[in-house]
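Below: one structure, written as structure tokens.
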Amino acid sequence: MKEITILGSTGSIGVNTLDVISNHLDKFNVRALTANTNLDIFVEQCFKYQPEYAVMTDEASASKLEEKLKKKAPDISVLAGIEGLVKVAELDSVDYVMAAIVGAAGLLPTLAAAKSGKRVLLANKEALVMSGKLFMDTIAGSNSELIPIDSEHNAIFQCIADTNNQENASIRSIMLTASGGPFLNTPINELASKTPEQACKHPKWKMGRKISVDSATMMNKGLEIIEASWLFNIDPDSINVVIHPQSIIHSLVEYKDGSVLAQLGNPDMRIPISFGLAWPDRIETKVERLDLFDISQFDFKRPEEDRFPCLRLAREAIKQGGTSSAILNAANEVAVNEFLNNNLKFTDIAIVIDSVMSNVAQNNASTLDVILNDDKLARAQAKEVIRGMKI
Ligand code: NAD
Ligand code: MG
């Protein structure tokens with residue numbers, strides 16, 4: 001029996017993880033669940049899975065949770081705040097940690113899991129984008145296992161694992177596939193008036209609101225280039241982005257002998273999640289089987305630079321190195337949040353990030369303090385830039 005902590009259990013990845021686990025309760029036991037403010041779903045999850053710990057980052061929500069669990073589930077310990085998240089990420093009794101908090105809020109607990117020798121199932125790409133080398137060094141120093149859950153990186157992991165070759169010397173390039181998001185064919189001059197609802201209507205994946213906007217701007221793919229370069233120790237110049245609107249090929253690895261391996265499947269996050277939980281085995285899922293005759297055709301397209309300026313910004317951040325990726329990420333989180341609150345135009349997201357990157361100096365990302373400090377400076381700068389903008 002593997003004991004599991006799910007960080008961010010009320011989100012899209014968290015709910016899918018519980019769905020996979022609920023079909024394999026002989027193999028996996030939920031030891032801890034965490035959420036931020038979504039009390040109703042969280043209470044239901046606690047009743048259903050009876051974890052030892054339930055953490056709500058938001059203190060007021062944690063108090064309400066305690067009240068609700070008192071009668072029906074008095075054995076569940078309720079914790080609050082970031083300390084609670086870190087505690088359940090490093091519990092001795094836990095084997096696997098699903099890191100599925102969105103954004104920088106997930107960095108500390110994800111690092112804690114990495115430090116304490118867990119199998120880290122990494123969905124929270126922002127944590128790795130922010131802390132890159134520090135994160136990978138932490139994993140290496142603790143003998144933790146790191147399994148990417150992001151579908152593209154999970155696909156690459158599967159291609160590399162299948163060749164029984166974890167070394168990257170034989171890899172010539174990586175091709176990250178992208179759906180192109182909801183605005184792939186929108187006239188560029190109409191992008192400025194796009195609403196949060198339109199941006200969140202992803203053609204192929206049902207995801208949280210932040211990553212949905214990232215997919216619409218393609219910052220998601222930019223973050224994924226950074227993520228892939230750290231996970232697989234690959235030069236970012238050898239990581240290419242291919243728009244593949246059907247979202248069936250989840251990414252490809254080109255080897256120096258000319259072979260190209262890909263992983264295919266219906267766009268359903270329960271595939272990478274179940275892979276990460278079961279690896280090196282495989283387990284049954286309820287995912288619909290792939291029907292190639294039904295799909296009938298695969299298309300591929302190069303991303304247009306003027307439609308997706310965030311891709312260029314992400315590549316610039318990698319080139320600059322140090323805390324640049326953390327600065328890029330922080331500016332993006334603030335801008336996306338303001339866009340979702342109708343305080344910023346869709347096309348201004350990239351403008352804000354560009355401005356923050358030019359105004360906040362990057363540092364050597366050698367310690368967590370430096371990274372968190374630059375994250376803070378970038379957030380303040382992004383808010384400043386947005387204040388000066390007209391919606
Ligand atoms: P979501 O918004 O649906 O869920 C986020 C979860 O994080 C929720 O449980 C929420 O309670 C928690 N959370 C939010 N803010 C928090 C805070 N300040 N402190 C503590 N907890 C907080 O997001 P999602 O779509 O499930 O994405 C989660 C992560 O997985 C993101 O990093 C995303 O990029 C990545 N990811 C998601 C998908 C997908 O299909 N949804 C695919 C690939 C990668
Ligand atoms: Mg992805």
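In this chain, numbering begins with 1 at the start of the sequence shown. Start at 1 and go down the list; that is how both ligands and their atoms are numbered.
- Results of the side-chain contact (heavy atoms from CB on, under 4.5 Å) test with Ile226 over Ile239, Leu231, Leu328 single out Leu328 as the only residue that passes.
- The Mg ion (ligand 2) is closest to atom OE2 of Glu224 (considering only N, O or S atoms).
- Here the closest heavy-atom approach between residue Val88 and residue Tyr53 is recorded as CG1-CB, 3.6 Å.
- Ring-plane geometry between Phe232 and His153 is classed as parallel, the angle between the planes falling under 30 degrees on a 0 to 90 degree scale with a further cut at 60.
- Here the Mg ion (ligand 2) is the vertex; the OD1 atom in Asp150 and the OE1 atom in Glu152 give an angle of 100° (to 10°).
- When all heavy atoms of Ala178 and Val241 are compared, the closest pair comes out as CB-CG1, 4.2 Å.
- Pairs engaging residues 329-339 under the side-chain hydrogen bond (donor to acceptor under 3.5 Å, both in side chains) rule: Asp214-Asn332, Asn329-Glu333, Glu333-Arg379, Glu338-Asn343 [sequence neighbours left out].
- Ligand 1 is surrounded by Gly8, Ser9, Thr10, Gly11, Ser12, Ile13, Ala35, Asn36, Thr57, Ala100, Ile101, Val102, Ala105, Ala123, Asn124, Lys125, Glu126, Asp150, Met207, Gly208, Ile211, Met269, each with at least one heavy atom closer than 4.0 Å.
- For the pair Gly222 and Ala314, the tightest heavy-atom approach, listed with the atom from each and the gap, is CA-CB, 3.4 Å.
- Atom NZ in Lys194 sits 9.5 Å away from atom CZ in Phe346 (nearest 0.5 Å).
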